[in-house]
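Shown below is the structure under consideration.
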Amino acid sequence: MSAQQMLKVFVTRRIPQEGMKILQNAGMCNLSVWDSDEPVPRAELLKGVAGAHGLLCLLSDKIDAEVLDAAGPNLKVISTFSVGCDHLAIEEIKKQGIRVGYTPDVLTDATAELTVALLLATARRLPEGVEEVKNGGWSTWKPLWLCGYGLSGSTVGVIGLGRIGLAIARRLKPFGVKRLLYTGRQPKPQAQEVDGEYVPLDTLVRESDFVVVSCSLTPDTQGLCDKTFFSKMKKTSIFINTSRGVVVNQEDLFEALSSGQIAAAGLDVTTPEPLPTNHPLLTLKNCVVLPHIGSATYSTRGVMSELTANNLLAGLTGSEMPSELKL
Ligand SMILES: O=C(O)[C@H](O)CO
């Protein structure tokens with residue numbers, strides 16, 4: 001391709017080299033990269049995207065009408081380095097005939113593993129235990145010290161038995177989980193594999209010892225876990241969220257945790273991200289907060305990078321994408 005025919009691509013962050021190599025070797029992209037580990041400032045995003053044919057973005061970039069306007073009519077494809085697409089103004093994007101690539105499947109295992117790790121860390125109070133060892137709080141073995149809750153014989157409720165929800169359920173079952181409840185828009189045939197019982201949300205919340213949120217963020221799930229929701233949970237139950245922070249009303253969660261309405265919570269996602277270090281949730285011993293690391297294994301991030309690059313190239317050439325979001 002001649003220099004004039006090269007297609008402009010704006011990449012909003014430094015991404016793993018697997019994807020960068022694919023873009024560089026394609027020989028059709030005039031690449032402009034926000035070469036930093038930190039998010040691109042809004043003004044730079046608007047400047048960088050101007051005239052672009054392709055945009056490779058992250059979940060921390062809000063891609064709305066303003067960005068699409070700044071990009072102009074060349075923009076053919078947006079490829080996001082994420083499975084979640086709630087940062088994209090889908091209706092606007094669809095109206096403008098822009099294709100969207102995303103990264104389902106490749107991060108399912110990593111995210112499910114992290115969810116199990118977070119659930120166990122929260123239920124068995126691992127961060128508290130580690131802290132006590134360091135600060136001299138470990139005086140001797142005591143019968144009731146640092147006791148938590150186990151999965152054996154328990155009821156687990158998964159909100160959203162999609163790819164990741166099912167992978168979580170699959171991993172939890174061998175811990176001796178007695179009942180596996182799930183909710184969602186409709187029953188899923190694949191739930192049979194984990195003996196999943198499709199129940200109304202109200203039943204799931206009331207009967208589960210562990211409530212695991214694994215749904216996508218939609219208008220229906222935004223703020224789903226609120227005061228009423230927490231008030232129905234058992235006092236001994238554990239709440240886990242590895243989907244999106246906005247699914248939870250954090251003030252209501254704080255109240256539920258600090259009043260003893262529920263036993264503990266483990267969150268890999270919050271609102272905002274990062275959660276300010278003076279946030280009330282961080283003052284609670286029974287709340288374990290991680291910095292959105294569900295998919296953070298080296299290999300997963302490498303494969304996500306590859307897939308994001310291949311989606312982008314397919315969008316630029318008008319061919320079939322490995323993973324295209326159906327708009
Ligand atoms: O949407 C995603 O991809 C996850 O939240 C991070 O990998």
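Only a predicted model underlies this, so the values are computations on that prediction, with no experimental measurement involved. Just so it is clear, the values below take in all heavy atoms, side chains as well, and ignore hydrogens, waters and symmetry mates. When a ligand or atom number is given, it counts from 1 through the structure's own listing order. This chain uses plain numbering: 1 for the first residue, then up along the sequence.
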Task: Identity and separation of the nearest protein heavy atom to atom 1 (O) of ligand 1 - done: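 The answer is Arg244 NH2, 2.7 Å.
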
Task: Distance from atom 7 (O) of ligand 1 to nearest protein heavy atom, with residue and atom - done: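 Minimum-distance protein heavy atom for atom 7 (O) of ligand 1 reads Ser295 OG, 2.6 Å.
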
Task: Residue and atom name of the nearest protein heavy atom (relative to atom 2 (C) of ligand 1), distance in Å to one decimal - done: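 Nearest protein contact, heavy atoms only, for atom 2 (C) of ligand 1 is Val83 N, 3.5 Å.
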
- [ ] Identify whether the distance between the nearest side-chain nitrogen and carboxylate oxygen of Asp64 and Arg42 falls below 4.0 Å.
- [x]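 Judged by the 4.0 Å cut-off on N to carboxylate O distance, Asp64 and Arg42 do form a salt bridge.
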
Task: Residue His292 vicinity, atoms of ligand 1 by number, heavy atom under 4.0 Å - done: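 Counting from 1, the qualifying ligand atoms are 4 (C), 5 (O), 6 (C).
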
Task: Residue part near ligand 1, for Leu59, under 4.0 Å between non-hydrogen atoms - done: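 The side chain, only.
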
- [ ] Of all the heavy-atom pairs spanning Gly245 and Thr271, show the shortest one and how long it is.
- [x]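 Closest approach of Gly245 to Thr271, heavy atoms only: C-OG1, 3.2 Å.
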
Task: Side chain, backbone, both or neither: the part of Leu107 lying under 4.0 Å from ligand 1 by heavy atom - done: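 The answer is the side chain of Leu107.
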
Open item on the list: Taking atom CH2 as the centre, does Trp138 end up with more than 12 heavy-atom neighbours from other residues, nucleotides or ligands that are less than 6.0 angstrom away?
Closed with: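 Atom CH2 in Trp138 is not packed in, count stays at 12 or less.
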
- [ ] Report yes if the distance between the aromatic ring centroids of Phe210 and Tyr149 is under 6.0 Å, otherwise no.
- [x]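 No: the rings miss the under 6.0 Å criterion.
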
- [ ] With rounding to the nearest 0.5 Å, note down the distance linking CD in Glu131 to CG in Leu146.
- [x]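 One gets 11.5 Å once the value is rounded to the nearest 0.5 Å.
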
